Q: 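My structure is below; once you've seen it, I'll send some questions.
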Amino acid sequence: MAIREVDDQSVEGNTRVTVNFAVILFVLLAVEGLTIVAIRPLLTWHVAVGLVLTPPLLAKIGSTSWRIVRYYTGSTPYTRKGPPPLLLRLLGPFVVLLSVIVVVSGIALILVASSSTWGQRFFFVHKASFILWFVATSVHVLGHIVDTAREAPGDWFPAGRRAVRGAPARLWLVASSLVLGALLALWLTPHAAHWVFYGDQ
């Protein structure tokens, strides 16, 4: 196999693992959004789903950041692939930053008392960052939806798996992130019980 073909396979592998995580996140975030409609009775689900999606989210940030770093450091196969559209490149850092703030503030809310000063601060940060995140991410999703729909099925069918090497490793990575998220949810979700009764005192 020629060196260029190997390099291009590596780039396409990065693209596929990124879109696999994107699809998983789209589904989990849709479920997370539904819990907001009735947040009090569905708070446990809101917390659990948020924890489950945390490892896939971090993994997607990692795979996307790898592509950007490789592109801007002049890696030939990545420059040959080309950058995302300018608007999405400019928006990307904000999506990443807001995603991290939403997740970190959400986990912090689990760990601090709902009636404490820090609880109120993290609650404000979580709500405010979510609103900004929702706007930025909506644009991000719309900008990538066509490419994601085209690339996502690749690793799930024999012909696509043969076309880009490394499909089993990519699928195991996605599955492992979900297992890790589920373990995280089992561990931390019970600690959020104090928020169920917040405001009833």
Side-chain angles (χ1 to χ4, degrees), residues 18-19 21-69 84 86-145 148 174 176-201:
T18 300
V19 298
F21 280 121
V23 171
I24 294 297
L25 288 171
F26 182 84
V27 173
L28 291 174
L29 287 168
V31 174
E32 187 79 333
L34 291 175
T35 66
I36 297 174
V37 177
I39 189 64
R40 180 64 68 86
L42 296 177
L43 181 62
T44 299
W45 283 102
H46 180 78
V47 172
V49 173
L51 291 168
V52 169
L53 67 81
T54 296
L57 174 65
L58 296 178
K60 183 179 182 294
I61 289 174
S63 65
T64 303
S65 299
W66 176 255
R67 176 188 173 183
I68 294 300
V69 168
L86 179 60
L87 174 61
L88 298 180
R89 271 184 287 162
L90 295 175
L91 192 63
F94 294 100
V95 173
V96 170
L97 178 61
L98 290 168
S99 298
V100 171
I101 293 174
V102 170
V103 167
V104 170
S105 61
I107 293 175
L109 284 171
I110 299 172
L111 302 177
V112 300
S114 53
S115 58
S116 69
T117 300
W118 279 108
Q120 296 308 301
R121 289 173 178 170
F122 283 126
F123 186 59
F124 172 78
V125 170
H126 191 64
K127 288 177 66 176
S129 60
F130 171 79
I131 293 170
L132 296 173
W133 171 88
F134 182 80
V135 174
T137 301
S138 295
V139 177
H140 176 80
V141 169
L142 289 174
H144 286 288
I145 194 167
T148 299
V174 172
S176 298
S177 73
L178 289 172
V179 170
L180 182 59
L183 293 174
L184 191 63
L186 288 171
W187 176 37
L188 289 179
T189 300
H191 296 283
H194 58 100
W195 283 98
V196 174
F197 305 104
Y198 172 68
D200 289 342
Q201 293 83 1

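Model, not experiment: these values are computed from the prediction.
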Q: How long is the span from the CZ atom in Phe21 to the CD1 atom in Ile61, to the nearest 0.5 Å?
A: 11.5 Å
Q: Write down the atom of Ser116, the atom of Val112, and the distance for their closest heavy-atom approach.
A: OG-CB, 4.4 Å
Q: List in chain and number order the residues that pass side-chain hydrogen bond (donor to acceptor under 3.5 Å, both in side chains) with Arg89, two or more places apart in sequence or in another chain; answer none if no residue qualifies.
A: Tyr72
Q: Which residue pairs pass the ring pair (Phe, Tyr, Trp, His ring centres under 6.0 Å) test when at least one of the two sits in residues 99-121, sequence neighbours left out?
A: Trp118-Phe122
Q: Anything under 3.5 Å between a donor and an acceptor, one on a side chain of residues 95-111, the other on a protein residue two or more places apart or in another chain? List them.
A:
unit_1: Ser99; atom_1: OG; unit_2: Val95; atom_2: O; d: 2.6
unit_1: Ser99; atom_1: OG; unit_2: Trp133; atom_2: NE1; d: 3.0
unit_1: Ser105; atom_1: OG; unit_2: Ile101; atom_2: O; d: 2.7
unit_1: Ser105; atom_1: OG; unit_2: Val102; atom_2: O; d: 3.1
unit_1: Ser105; atom_1: OG; unit_2: His126; atom_2: ND1; d: 3.0

Q: In Å and rounded to the nearest 0.5 Å, what is the CG to CD distance from Leu25 to Glu32?
A: 11.5 Å
Q: Among residues at least two apart in sequence or on other chains, which ones pass side-chain contact (heavy atoms from CB on, under 4.5 Å) with Ala128?
A: Phe124
Q: Side-chain polar contacts of residues 177-193 - donor-acceptor pairs under 3.5 angstrom, sequence neighbours left out - could you list them?
A:
unit_1: Ser177; atom_1: OG; unit_2: Val174; atom_2: O; d: 2.7
unit_1: Thr189; atom_1: OG1; unit_2: Ala185; atom_2: O; d: 2.6

Q: With Leu34, which residues qualify under side-chain contact (heavy atoms from CB on, under 4.5 Å), at least two apart?
A: none
Q: With sequence neighbours excluded, what pairs up with Val141 under the side-chain contact (heavy atoms from CB on, under 4.5 Å) test?
A: Phe26, Thr137
Q: Step through the shown structure and confirm whether more than 12 heavy atoms of other residues, nucleotides or ligands are within 6.0 Å of CZ on Phe130.
A: yes
Q: Going from NE2 on His46 to CG on Leu51, what distance comes out if it is rounded to the nearest 0.5 angstrom?
A: 9.5 Å
Q: What pairs with Val69 under side-chain contact (heavy atoms from CB on, under 4.5 Å), at least two apart in sequence or on another chain?
A: Thr73
Q: What residues form a side-chain hydrogen bond (donor to acceptor under 3.5 Å, both in side chains) with Ser63, not counting sequence neighbours?
A: Thr18
Q: Tell me the closest heavy-atom pair linking Leu91 and Ala136, and the distance in Å.
A: CD2-O, 3.3 Å
